[in-house]
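Structure first, commentary second.
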Amino acid sequence: MATVTEDNRVQFSGMDYFDDDALLHGSIDYGEDLSFDVKQIVRSKAVTRWVTKGKFTSADFIGELNKAINDYLVAEDRDFVVVSSLSVESEGVPFRIVRLPESTINLYGALPKKFATRSSHQDRWSKLFPSKSDLPETYTAVAISLRAKHKSDAITKAFHDLDYVRGLLALSIVPGNSFTLGAHQDQRPLNRVMLGGLHSLHDTNGQLVDADQFWYEPNYFERQAINVADRKDRIRSEFQFYRNGIARAIGDDRKILEDSVIRYARALDEADRNIVILKLWSALEHLVVHGEQKPEELISRCAFVFSNDSYVDQVLRVVRACRNDNVHKGIQGEGLDSYCYQLHRIFRNMLGFYISRLKRFESTLGQVNEFLDLPASTVSLEERLVKVSNETRLLKMALRFRGGSR
């Protein structure tokens, strides 16, 4: 039941609204690429107006929804700055600024004073995480500047881009393997390029956009910052290799590569190795078969890239079985670090392969996958080559015949 108060606010009693809102969310075609939060905002505004007017027909609700969406779309973009941090010591960061199509990311040894306004969140932060810093001293401070219509859009876009940069860095910084001596498994996330705990939203002058709101990592793990100063040049070179290679890809191919890197970074953020496997497999799946359920193609394409193809084939089948046990049977494994690191290495190699071949073939991901779908056996390839040569000879003969050269 809904009622309108004297000050024109809408109040709901009971739980029906929350149930119906979930159904509405999945049923509405917004006609635009809106974030989850913005969809929630325009939907809530439409429901409020609909109830206030008292005309409870579907046509009236759709009309109010269209008005709310239009209000959002005609609003002008404004400047935002999202402030966060990374678990890398500043002296090892190989660059101070990263310019992306929709944002500029600045990295600092010390956060500029104008953003000290975020300290007003400190009391609430301390209640959430009493023993953890919102921005550890050894972390690199980060400010992401961008334009957006709404603060929720700003946060979504900022962390899309920051997670992309984190993923590119992690490809070089996360080791190929690691183990802990003793009976206890290391429960820290595999990622060495973690987000700091508290994320604040500012205008360009440093003032908080909303003094009562900040964002944070629910499962925040304050990892000791890593010092990679001795590897700075190599990290910079590899970062540029991945970034430039992905930027050269065209259309949907570039988005597939970027989204795969973001999924990879977020997968490594997890502490639970079962979840790491689920998310890393998803990242690899997005990269190699573009999210489709084609496990055999995924395995064969990955194996094709490696000289020890039969070993990689076996590894992926074992990891897939582990993943399927978790998804379909609820069975969780232990001691899964080696599986996680193997998936990490395979993902890194596959991404590098796609980037190199896109440049060498001057082609698309689809054409590179046609190459990967060829037989891995040299004997089979030679047989295929003979067959293709014979077919080419016959086609030329047929062309001459039909062209009049009989």
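Keep in mind that what you see is a predicted model, and the values were worked out from it rather than measured.
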**Pairing of Asp203 and Arg78 as salt bridge, 4.0 angstrom limit** = no

**Message:** For the backbone of Gln240 and the side chain of Asn244, can you confirm whether one donor and one acceptor N or O come within less than 3.5 Å of each other?
**Reply:** yes

**Prompt:** Is a side-chain N or O of Arg147 found less than 3.5 angstrom from the main chain of Asp77, in a donor-acceptor match?
**Reply:** yes

**Prompt:** Looking at Phe214, Phe159, Tyr216, which hits ring pair (Phe, Tyr, Trp, His ring centres under 6.0 Å) with His199?
**Reply:** Phe159

Per-pair distances, 0.1 Å, donor-acceptor, side chain in residues 296-307, under 3.5 Å, sequence neighbours excluded:
from	atom 1	to	atom 2	distance (Å)
Glu296	OE1	Arg317	NH1	3.4
Glu296	OE1	Arg317	NH2	2.9
Glu296	OE2	Arg317	NH1	3.0
Glu297	OE1	Arg301	NH2	3.1
Ser300	OG	Glu296	O	3.1
Ser300	OG	Glu297	O	3.1
Arg301	NE	Asp373	OD1	2.8
Arg301	NH1	Val288	O	2.9
Arg301	NH2	Asp373	OD2	3.0

**Non-neighbouring partners of His160 that pass ring-ring contact (aromatic ring centres under 6.0 Å, His included), sequence neighbours left out** = none

**Request:** Would you check if the side chain of Arg273 reaches a backbone N or O of Asp337 as a donor-acceptor pair within less than 3.5 Å?
**Result:** no

**Asked** Going from CZ on Arg223 to CG on Asn191, what distance comes out if it is rounded to the nearest 0.5 angstrom?
**Response** 8.0 Å

**Request:** Check whether any side-chain N or O of Asp253 sits under 3.5 Å from a backbone N or O of Leu365 as a donor-acceptor pair, and report yes or no.
**Result:** yes

**Asked** Would you call Arg236 and Asp233 a salt bridge, using N to O less than 4.0 angstrom?
**Response** yes

**Prompt:** Passes side chain to side chain donor-acceptor pair (under 3.5 Å), Tyr354 versus Asn369? Steps please.
**Reply:** CA-CA 9 Å; Tyr354 278 114; Asn369 280 335; 2.6 Å; yes

**Asked** Do Lys114 and Gln207 have a side chain donor and acceptor closer than 3.5 Å?
**Response** no

Show me the donor-acceptor pairs within less than 3.5 Å that the side chains of residues 276-285 make with the rest of the protein, sequence neighbours left out.
from	atom 1	to	atom 2	distance (Å)
Lys279	NZ	Glu270	OE2	2.8
Ser282	OG	Arg263	NH1	2.9

**Prompt:** Is Asp269 paired with Arg266 through a side-chain N to carboxylate O contact shorter than 4.0 Å?
**Reply:** no

**Asked** Ser103 and Asp161: side-chain donor and acceptor closer than 3.5 Å?
**Response** yes

**Request:** Name all residues meeting the ring-ring contact (aromatic ring centres under 6.0 Å, His included) criterion together with His202; count only those two or more places apart in sequence or in a different chain, and write none if there are none.
**Result:** Phe115

**Item:** Lys/Arg N to Asp/Glu carboxylate O, Lys232 vs Glu91, below 4.0 Å
**Value:** no

**Request:** Sequence neighbours left out, what passes ring-ring contact (aromatic ring centres under 6.0 Å, His included) with Trp215? Give chain and number order.
**Result:** none

**Message:** When you measure from the side chain of Arg254 to the backbone of Ile246, do you find a donor-acceptor pair of N or O atoms at a distance under 3.5 Å?
**Reply:** no

**Item:** Residues that Phe221 engages under ring-ring contact (aromatic ring centres under 6.0 Å, His included), provided they are two or more places apart
**Value:** none

**Item:** Non-hydrogen atoms of Tyr139 and Ala225 that approach each other most closely
**Value:** CD1-CB, 3.9 Å

**Nearest heavy atoms of Ser363 and Val368, plus distance in Å** = OG-CG2, 3.8 Å

**Request:** Go through the side-chain N and O atoms of Asp259 and Tyr164 and say whether any donor and acceptor fall under 3.5 Å apart.
**Result:** no

**Asked** Looking at Leu351 and Leu287, what are the two nearest heavy atoms and their distance?
**Response** N-CD2, 3.8 Å

**Request:** Could you tell me whether a side-chain N or O of Asn349 sits under 3.5 Å from a main-chain N or O of Arg345, the two making a donor and an acceptor?
**Result:** yes

**Asked** Do you see a donor-acceptor pair shorter than 3.5 Å between the side chains of Asp60 and Thr57?
**Response** yes

**Request:** For the pair Ser44 (side chain) and Gln40 (backbone), establish whether a donor and an acceptor sit closer than 3.5 Å, ignoring hydrogens and angles.
**Result:** no

**Prompt:** Quick check: does any side chain N or O of Thr140 sit under 3.5 Å from a backbone N or O of Val88, one acting as donor and the other as acceptor?
**Reply:** yes

**Asked** Does any N or O in the side chain of Thr117 come within less than 3.5 Å of the main-chain N or O of Gly206, such that one atom is a donor and the other an acceptor?
**Response** yes

**More than 12 heavy atoms from other groups under 6.0 Å of CZ on Phe371** = yes

**Item:** Pair Glu383 + Lys387: basic N to acidic O under 4.0 Å
**Value:** no

**Message:** I'd like to know if Asp153 and Lys149 make a salt bridge, using a cut-off of under 4.0 Å between side-chain N and carboxylate O.
**Reply:** no

**Item:** Test applied, side-chain hydrogen bond (donor to acceptor under 3.5 Å, both in side chains); reference residue, Ser172; option that passes from Glu238, Arg192, Arg348
**Value:** Glu238

**Request:** Might you point out which heavy atoms bring Leu208 and Ala211 nearest each other, and give the distance in Å?
**Result:** CD1-CA, 4.1 Å

**Message:** Would you say CG of Asn219 has more than 12 non-hydrogen atoms from neighbouring residues, nucleotides or ligands within 6.0 angstrom?
**Reply:** no

